[in-house]
Amino acid sequence: MTSKVVYLGNLRTECEHVKSGNTFITDAPTDNNGKGEAFSPTDTVATALASCMLTVMGIKAAQMEDVHLDGSTAEVTKIMKAEPRRIARVEVKLNLKGVADDKNRKILENTARTCPVLNSLHPDMEKEIIFNWM
């Protein structure tokens, strides 16, 4: 088992990663009857995309000489759609540090574009990925 999710009431869940015991809370968003006091389930999907991209880029960077992505960030915007309610668009702006070489940048961008989360999202969902090399 990967995780356990407990419904706490009031449109809130507690999610536990079984192996580590780490937990986080989700709330329904304010535009769907919730308080919006924590990540919504769809927020976690959009955020997982950015986290996955940075993770696989970090794995690849560790295999490269003199490439370090420490301090890189991602800004995530999720846009919902109705009928049926779903994520219509995710925008991820990656602010990447530590890579001066164009060849390495291209390798890392291709790595991000093949992350497991991106490959798992529905093809109808719009995805905008911006690489901002700093």
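Quick note: numbers below take in every heavy atom, side chains included, and nothing from hydrogens, waters or symmetry partners. Owing to the predicted nature of the structure, the values given are computational and were not obtained by experimental measurement. Quick note: residue numbers are just sequence positions, from 1.
Here Ile79 is tied to no hydrophobic group at all, with no ILVMFWY side chain closer than 4.5 Å. When hydrophobic side chains of Ile, Leu, Val, Met, Phe, Trp and Tyr are connected at separations under 4.5 Å, Phe39 ends up as a singleton with no cluster partners. Other cluster members for Tyr7: Leu11, joined by side-chain heavy-atom distances under 4.5 Å among Ile, Leu, Val, Met, Phe, Trp and Tyr.
Taking a 6.0 Å sphere around NZ of Lys127, one finds it holds more than 12 heavy atoms contributed by other residues, nucleotides or ligands. Shown here is Asn10, whose CG atom has no more than 12 heavy atoms of other residues, nucleotides or ligands within 6.0 Å.
Here the side chain of Asp101 pairs a donor or acceptor atom with the backbone of Lys103 at under 3.5 angstrom. Judged by distance alone, the side chain of Arg12 and the main-chain N or O of Ala28 form no donor-acceptor pair under 3.5 Å.
Taking NZ of Lys78 as the start and CG of Asp43 as the end, the distance is 4.0 Å to the nearest 0.5 Å. Here the CD atom belonging to Glu109 is positioned 14.0 Å from the NZ atom belonging to Lys60, to the nearest 0.5 angstrom. Atoms OG1 and NZ, from Thr23 and Lys4 in turn, are 12.5 Å apart once rounded to the nearest 0.5 Å. One distance of note links OG1 of Thr26 with CD of Glu37; it measures 12.0 Å at 0.5 Å rounding. In this structure, Glu16 CD and Phe24 CZ are separated by 11.0 Å, a value rounded to the nearest 0.5 Å.
Both Leu108 and Leu94 sit in one connected hydrophobic cluster of ILVMFWY residues. Membership requires side-chain heavy atoms under 4.5 Å apart, directly or through other members. The cluster map of Ile, Leu, Val, Met, Phe, Trp and Tyr, joined by side-chain heavy atoms under 4.5 Å apart, puts Val92 and Met80 in the same cluster. Note on Leu54: it clusters hydrophobically with Ile107, by side-chain heavy-atom contacts below 4.5 Å among ILVMFWY residues. With hydrophobic clusters built from ILVMFWY side chains whose heavy atoms lie under 4.5 angstrom apart, Val56 does not share a cluster with Trp133. Using a 4.5 Å cut-off between side-chain heavy atoms of Ile, Leu, Val, Met, Phe, Trp and Tyr, with links allowed through other members, Met125 and Leu49 fall into the same hydrophobic cluster.
The shortest distance between side-chain heavy atoms of Phe131 and Lys106 does not fall below 4.5 Å. Under the 4.5 Å side-chain criterion, counting only non-hydrogen atoms from C-beta, Glu126 is not in contact with Val90. With contacts defined as side-chain heavy-atom distances shorter than 4.5 Å, the pair Cys115/Met53 qualifies. Taking the side chain as every heavy atom from C-beta outward, Thr13 and Ile25 never approach each other to under 4.5 Å. Using a 4.5 Å cut-off on side-chain heavy atoms (C-beta onward), Ile130 and Glu91 make no contact. The shortest distance between side-chain heavy atoms of Val45 and Leu121 falls below 4.5 Å. Contact annotation: the side chain of Glu128 approaches that of Arg89 to within less than 4.5 Å [non-hydrogen atoms, C-beta and beyond].
For Arg86, there are no salt bridge (charged side-chain N to carboxylate O under 4.0 Å, His left out) partners at least two apart in sequence or on another chain. Under the rule for a side chain to side chain contact (heavy atoms under 4.5 Å, CB included), the partners of Thr55 that lie at least two apart in sequence or sit in another chain are Ser51, Ile59.
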Please evaluate residues Met57 and Leu96 with respect to the criterion side chain to side chain contact (heavy atoms under 4.5 Å, CB included), reporting the C-alpha separation (whole Å), side-chain torsions for both, the decisive distance (0.1 Å), and the verdict. CA-CA 10 Å; Met57 290 173 81; Leu96 301 159; 3.6 Å; yes

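Side-chain atoms of Thr30 and Lys35 form no donor-acceptor pair, as typed in the model, at a separation below 3.5 Å. Between the side chains of Asn95 and Glu75, at least one donor-acceptor pair of N or O atoms lies under 3.5 Å.
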Side-chain donor/acceptor pairs under 3.5 Å, residues 61-68, sequence neighbours excluded:
none

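One finds no salt bridge joining Lys97 and Asp70 here, because no Lys/Arg side-chain nitrogen approaches an Asp/Glu carboxylate oxygen to under 4.0 Å.
Between Asn119 and Arg113 the shortest heavy-atom distance is OD1-O, 4.4 Å.
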